[in-house]
Number of protein chains: 2
Amino acid sequence: MTARKQRLDPRKKPVQKRSKITVDVILLAAAQVFESHGYAAGTTNRIASRAGVSIGTLYQYFPSKEAIAVALLERHLAETDHRLHEWVGHMVVEQHNLYEALHDYVTGMLEMHAKQPRLQHILLEETPLPERVHQALIEAEQHAAKTVAGLIRLYPEVRSNGLEHTCFVIVQTVESLTHRYAAHPDDQFIPQAIFVDEVVKMIIAYLKCDSSSL
Amino acid sequence: MTARKQRLDPRKKPVQKRSKITVDVILLAAAQVFESHGYAAGTTNRIASRAGVSIGTLYQYFPSKEAIAVALLERHLAETDHRLHEWVGHMVVEQHNLYEALHDYVTGMLEMHAKQPRLQHILLEETPLPERVHQALIEAEQHAAKTVAGLIRLYPEVRSNGLEHTCFVIVQTVESLTHRYAAHPDDQFIPQAIFVDEVVKMIIAYLKCDSSSL
DNA sequence: TGAAATTATGAGCAAATACTTAATTTATGT
DNA sequence: ACATAAATTAAGTATTTGCTCATAATTTCA
């Protein structure tokens, strides 16, 4: 439970096929254990046991419990980034209008967050993460904001003044709302289709609005 | 560390002035300790020590560590609710236009979340809370949505169709965005005034927009 | 005053927990 | 086949944690 955190690198990196599988199995088990027990109660022994691997093996490839959580999160970050670029690719190829483009974006983010909502929540909020991971998260978000801005800028109906701030708010909004919606899928009284539509409507209105509208 | 959770009620409720002070001191200390150590590392012994009270005394008035966190959170919930009703009072008395009203609302929520952002984050996200607390949180949010809807409805420039869903999205948006903004006050590259203004602008645009705007 | 009720004490327990290490098994390449 | 490197094992350590309980101090009120 204590933060010893002496070792920062794993003792071994997997070189044989066997151990690469072991690492994968451990991460898979960790995801399941964290998902069903939370971070604090997701003990390393339980993870090892679930992976069908001895606790010693686990500590060969992960220097600490924290390292496991970080590895899991990095995976998720990479996937989100991949998803975003996939979206950009689609937008460039197919000629979508603004509504369709934003609809795709919001839907994609919602699906992203809906995948393992509890695990993501645990990793992002319940787990005390090292500073560098927080930095990485912030940078990823800023990168996303720029990417979105680059695409949105192309649509003529979008007002151009203050687009910097506007896109920041939009990315934050989509991120927050989809995260929130996906995190509590049960106690929502709005169906997903309507929810996505409303969010898109709000963003479009925001993008078009005259800034002199007191 | 373990979740024993046998006892659900405190052994004693404070009846003398002395013990009432003790309870307050414990809660104050708990807030400080959680804020600086997080939930897991915010041990009951540390809380008692910080409060200048023996660990036994702490357990006279709080049956478990969890109970302390819940008490702290209930305090915060009550304050939020108070704040909301105060806002409604102001709106009814003074005749604000839509922009002013929403500006007050967003600012109020932001101040609310900015008060002890780290503590709130720890209590809301890092702490494993019992189900009934989650229920209370959801109910509080729905209550807030209805209150906001009741006020917004009065403004003639607001479109009337689908206001149910619209207000749900608005409350979620304000809640999420202010929470997020307040949680990471350092790494924001948008000043607070501009942030609030942008959010209000978005909401107003959303409230006015024609729903047939593909 | 003095006895009953309330409040405070803190050493210590039982139950974890993250992690180590010495020994063993399995794979690799020649 | 065989020596070396890689991978796995699981019993065990040191530490921490939430919490109890027997005792003592203080307050209340007759």
Side-chain angles (χ1 to χ4, degrees), chain A residues 1-27 29-30 33-34 37-71 126-128 130, chain B residues 1-27 29-30 33-34 37-71 126-128 130:
Chain A
M1 135 134 308
T2 320
R4 303 192 188 174
K5 203 190 296 187
Q6 306 159 348
R7 205 183 298 266
L8 286 172
D9 295 307
R11 328 195 163 188
K12 292 181 187 166
K13 293 195 174 180
V15 326
Q16 298 180 3
K17 205 199 308 178
R18 176 166 57 136
S19 55
K20 281 175 188 165
I21 291 174
T22 299
V23 170
D24 278 351
V25 168
I26 290 174
L27 282 177
V33 168
F34 284 145
H37 292 84
Y39 181 75
T43 70
T44 50
N45 285 288
R46 231 196 289 256
I47 292 170
S49 154
R50 172 114 202 180
V53 152
S54 90
I55 179 66
T57 299
L58 186 153
Y59 276 97
Q60 297 286 26
Y61 304 105
F62 298 96
S64 67
K65 178 179 172 177
E66 183 185 276
I68 301 175
V70 171
E126 203 171 300
T127 305
Chain B
M1 134 137 313
T2 320
R4 304 195 187 172
K5 203 191 292 189
Q6 308 160 348
R7 206 184 297 267
L8 286 172
D9 295 308
R11 326 194 164 188
K12 292 179 187 167
K13 293 195 174 179
V15 327
Q16 297 180 4
K17 205 199 306 178
R18 176 166 57 134
S19 55
K20 281 176 188 166
I21 291 174
T22 299
V23 169
D24 278 351
V25 169
I26 290 174
L27 282 178
V33 169
F34 284 145
H37 291 84
Y39 181 75
T43 70
T44 49
N45 285 287
R46 232 195 288 256
I47 292 169
S49 156
R50 172 115 203 180
V53 150
S54 89
I55 180 65
T57 300
L58 187 153
Y59 276 98
Q60 298 286 26
Y61 303 106
F62 297 97
S64 68
K65 179 179 172 177
E66 183 184 275
I68 300 175
V70 170
E126 204 170 299
T127 306

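Residue numbers start from 1 in every chain, and the chains themselves are labelled A, B, ... in the order their sequence lines are given, proteins ahead of strands.
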(request) Please name the pair of heavy atoms, one in A/Q60 and one in A/P10, separated by the smallest distance, quoted to 0.1 Å. (result) O-CB, 3.8 Å
Between the protein and nucleotides 4-6 of chain C, list the N/O to N/O atom pairs that are separated by less than 3.5 angstrom.
none

(message) Without decimals, in angstroms, what is the distance between A/F62 CZ and C/dC19 C1'?
(response) 15 Å
(request) Would you mind reading off the distance between A/I47 atom CD1 and D/dA10 atom P, rounded to a whole angstrom? (result) 18 Å
(message) Tell me the interatomic distance from A/H37, atom NE2, to C/dT17, atom C1', rounded to whole angstroms.
(response) 14 Å
(request) For the residue pair A/F34 and A/I68, establish whether any side-chain heavy-atom pair is separated by less than 4.5 Å. (result) yes
(message) Show the nearest heavy-atom pair for residues B/P14 and B/V23, with the distance to one decimal.
(response) CG-CG2, 3.9 Å
(message) What is the separation between atom CD1 on B/I55 and atom P on D/dT17, rounded to the nearest whole Å?
(response) 11 Å
(request) Tell me which nucleotide among D/dT17, C/dT20, D/dT20 gets nearest to the side chain of A/Y59. (result) C/dT20
(message) Rounded to whole Å, please give me the gap between CZ in A/F34 and P in C/dA18.
(response) 9 Å
(request) Return the minimal non-hydrogen interatomic distance between B/K65 and B/Y59, and the atom names on each side. (result) N-OH, 4.4 Å
(request) Kindly point out which of C/dA8, C/dA18, D/dG18 is positioned nearest to the side chain of B/N45? (result) D/dG18
(request) Report yes if at least one side-chain N or O of A/R11 is closer than 4.0 Å to OP1 or OP2 of C/dT20; otherwise report no. (result) yes
(request) Map B/K65 and B/K17 onto DNA chain D by nearest heavy atom, then report which one ends up closer to the 5' terminus. (result) B/K65
(request) Provide, to the nearest angstrom, the distance between the CD atom belonging to A/Q60 and the P atom belonging to C/dA18. (result) 18 Å
(request) Nearest whole angstrom, please: distance from the C1' of D/dT17 to the OH of B/Y39. (result) 12 Å
(request) Please say which of B/I47, B/T43, B/N45 ends up in a side-chain contact (heavy atoms from CB on, under 4.5 Å) with B/V33. (result) B/I47
(request) Report yes if at least one side-chain N or O of B/T44 is closer than 4.0 Å to OP1 or OP2 of D/dC19; otherwise report no. (result) no
(message) Within the 4.5 Å heavy-atom criterion, are A/E66 and A/Y39 side-chain neighbours or not?
(response) yes
(request) Give a yes or no on whether the backbone of B/T22 and the side-chain of B/S19 come within a donor-acceptor separation of less than 3.5 Å. (result) no
(message) The side chain of B/S54 is closest to which nucleotide in this list: C/dA8, C/dA18, D/dG18?
(response) C/dA8
(message) Taking any heavy-atom pair under 4.0 Å as a contact, classify A/T57: base, sugar-phosphate, or nothing.
(response) base
(request) Could you state the atom-to-atom distance from NZ of B/K20 to P of C/dA8 in whole Å? (result) 13 Å
(message) Heavy atoms only, 4.0 Å cut-off, all strands: where does B/L58 land among base, sugar-phosphate and nothing?
(response) nothing
